[in-house]
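The residues of the chain are indexed from 1 along the displayed sequence.
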Amino acid sequence: MNFKKGIILILFAFIIFSNSVLASKLPDDVWSFVKSSLPGAKQRFDSVVVVSDNIMYIPLYPPANKTVEKISIEYTYPSAKSLKQLPEVVLLNNGFSLLKVFKDDKGNYSLTKKDDLPIKVRLGLMPQDMLTPVGLKMPESLKLTLGDLLIPSKDESSLALKEDEKNKSTDPYAPTVKRNEFIQSAEFRNKKTFINPNNSKFISVYDNSSKSPLYELKLTSMPLKIVTSETSKAALVLYWSARELEIISLVDETTLARIPIDANASDVALNKKENLAYVTSANANKIYVVDLNSMQLSKVIKVDQKPSRIAYCQTDDSLAFFDEFSSKIYNVTKNQDDYIVQPLGEVKNISKVLADVANVYALSRTQSELYIFDKNQSKLINTISIDKKPTDAILFGTKLFILCSKEGYMDIYDTTEAKLISREQIAKDGFYSKITLMPGNNNIIITGINSKNYLIFSLDTMKLVRKQDSYVDVASIVILDKVEKL
């Protein structure tokens, strides 16, 4: 080892022990500079800069923070490029660097091949909480920037089953291609679809190129519910029998985080604006707030009730939940750091709870009724008879679409007119019980675990678009606009 390399190693060891970059966010001035050149970029929970579905930059933190009057570019490779032109390497005048990540046709990740980068770049350190790209290949001159990070291999990090694992599987619920053929209608064009078959801990992944799954993912256990974040391109998985929440990437099928909780989860509602998930646990008497930006548990709301079904209202940032012990609906509002829990009224055998700025709506599966509670008055203001066995519903604009499963009707309630305005027969066979909104349009897909087909319904026209045969018993379905892996 020559003297120059030895000095660099000593310096770098000192940096790692004295100035480790842990739970990191880019400094405000650095992030403002990046956003001014790349307005569509997003900062991931580990401070990686995601420019688009196919382009991202890994930041390197300098040995010591340097204050400058104005952020500017000191060096780029190739030379004389602006950040908008997406060079391979960017060094800023305050010591921060950005390294572009490349992906080849085989899904291998790499950084720039240029070896003689400035010493300021080579002394930088990657965020030590970073989700390292699987199988990342790095030039020798940049390996010290890893610090304590380990680069996972494809085999050890991916949830996708390899062919030999599928052949050796003895799980009676393991999906087979024949049983899991999913015939996709025109509405699935440019979509990527994730289906959890009934009674299975596997997820079959499809695009519209084939009716057979591209591959299967193996989850920890049998999922209770799966919800997705369009912002983070991640799925939050709740399990029937595991006291943990799992967050998985829907871009490269890896586990991003596992969050232990005190008891099994009951339900979840999403705050899409802030990218938060509110997870109830009836046995723990708690609501867990999961930040899907940082992939961490951000808050635990302790309540006296046993919260199960839950809804979130974006307009007034409030929650509503059903208490399993008292069979009452509660409204939850924030007062700075405190939460005020207010009882609204009782509902028997609830199947769904929803909320808008004025009211909370609850469906009784056995009573076949829609209960409407006024938030301000904290009381029941109306009860509407609906068709038999309401199992799911969705609020769209000022209309509430209620799936009534016994005889296959969609009841439509206008929240402004405060009355049922339509009852549409959507199916005469099968038991359809789940509504999923399709991204990119105002259609919903309606599925059932024993129906062997699915329905497409338009929220705009309030009419059935099509009925499509399929061979999948769908427990959960996730539909995303198709993106390429980074």
Under a plain distance cut-off of 3.5 Å, with no hydrogens placed, do Asn275 and Ser232 share a side-chain donor-acceptor pair?
yes

Going by atom types alone, do Ser221 and Ser241 pair a side-chain donor with an acceptor below 3.5 Å?
yes

4.5 Å side-chain heavy-atom contact, Val289 and Ile301:
yes

Are Tyr361 and Asp356 linked by a side-chain donor-acceptor pair shorter than 3.5 Å?
yes

Would you please say whether a donor-acceptor pair under 3.5 Å links the side chains of Ser249 and Lys233?
no

Check the pair Asn331, Leu319 against side chain to side chain contact (heavy atoms under 4.5 Å, CB included), reporting the backbone distance first and the verdict last.
CA-CA 6 Å; Asn331 192 50; Leu319 297 168; over 6 Å; no

Would you compute the distance between atom CZ of Phe188 and atom CD1 of Ile183 and round it to the nearest 0.5 angstrom?
11.5 Å

For residues Pro127 and Pro59, determine if any side-chain heavy atom of one lies less than 4.5 Å from a side-chain heavy atom of the other.
yes

Would you say that Leu38 contacts Leu83 through its side chain, given a criterion of any heavy-atom pair below 4.5 Å between the two side chains?
yes

Listing request: all salt bridge (Lys or Arg N to Asp or Glu O under 4.0 Å) pairs with a residue in residues 60-82, at least two apart in sequence or in separate chains.
Glu74-Lys120

Look only at the side chain of Trp31 and the backbone of Leu26, and say whether a donor-acceptor pair between them is shorter than 3.5 Å.
no

Determine whether a donor-acceptor pair (N or O, by modelled atom type, separation under 3.5 Å) exists between the side chain of Ser97 and the backbone of Val121.
no

Nearest heavy atoms of Ala41 and Val49, plus distance in Å:
CB-CG1, 4.1 Å

Give, for atom CD1 of Ile71 and atom CG of Asp28, the distance between the pair rounded to the nearest 0.5 Å.
11.0 Å

From CA spacing to verdict: side chain to side chain contact (heavy atoms under 4.5 Å, CB included), Val48, Tyr57:
CA-CA 6 Å; Val48 168; Tyr57 280 92; over 6 Å; no

Using the ring-ring contact (aromatic ring centres under 6.0 Å, His included) criterion, which residues pair with Phe96? Sequence neighbours excluded.
Tyr61

Within the 3.5 Å criterion, strictly below it, is a donor on Asn93 or Ser72 matched to an acceptor on the partner's side chain?
yes

Aromatic ring centroids of Phe182 and Tyr454 under 6.0 Å?
yes

Can you check whether Leu464 reaches Ile456 side chain to side chain, under 4.5 Å on heavy atoms?
no

To the nearest 0.5 Å, what is the distance between CG (Leu395) and CG (Leu354)?
5.0 Å

Among Leu142, Thr76, Leu117, whose side-chain contact (heavy atoms from CB on, under 4.5 Å) with Val89 holds?
Leu117

Please tell me if the side chains of Leu480 and Phe194 come closer than 4.5 Å, counting only heavy atoms from C-beta onward.
yes

Close aromatic pair by centroid cut-off 6.0 Å: Tyr215 and Tyr206:
no

Applying side chain to side chain contact (heavy atoms under 4.5 Å, CB included) to Ile261 and not counting sequence neighbours gives Leu245, Ala265, Tyr288

Can you tell me if Tyr312 and Asp317 form a side-chain donor-acceptor pair at under 3.5 Å?
yes

Looking only at side chains, do Tyr77 and Asp116 share a donor and an acceptor under 3.5 Å apart?
no

May I ask you to say whether Asp207 pairs ionically with Lys191, meaning some side-chain N is under 4.0 Å from a carboxylate O?
no

Look at Asp392 together with Lys352 and state whether they make a salt bridge at an N to O cut-off of under 4.0 Å.
yes

Are Gln184 and Gln468 close enough, and set up right, to give a side chain to side chain contact (heavy atoms under 4.5 Å, CB included), and what steps lead you there?
CA-CA 8 Å; Gln184 299 178 67; Gln468 177 66 61; over 6 Å; no

Should Leu276 and Val290 count as side-chain neighbours, where that means a heavy-atom distance under 4.5 Å?
no

Using 4.0 Å as the upper bound for N to carboxylate O, is an ion pair formed by Lys113 and Asp115?
no

Scan residues 235-250 for pairs that pass salt bridge (Lys or Arg N to Asp or Glu O under 4.0 Å), counting only residues two or more places apart or in two chains.
Glu244-Arg258, Glu246-Arg258

Under the side chain to side chain contact (heavy atoms under 4.5 Å, CB included) rule, what do Gln314 and Asn271 come out as? Steps first, then yes or no, please.
CA-CA 7 Å; Gln314 187 75 59; Asn271 173 348; 3.3 Å; yes

Please output the side-chain donor-acceptor pairs of residues 435-447 that fall under 3.5 Å, not counting sequence neighbours, one pair per line with the distance.
unit_1	atom_1	unit_2	atom_2	d
Asn441	OD1	Asn443	N	2.9
Asn442	ND2	Asp460	OD1	3.2
Asn442	ND2	Asp460	OD2	3.2

What residues form a side chain to side chain contact (heavy atoms under 4.5 Å, CB included) with Lys463, not counting sequence neighbours?
Glu424, Thr461

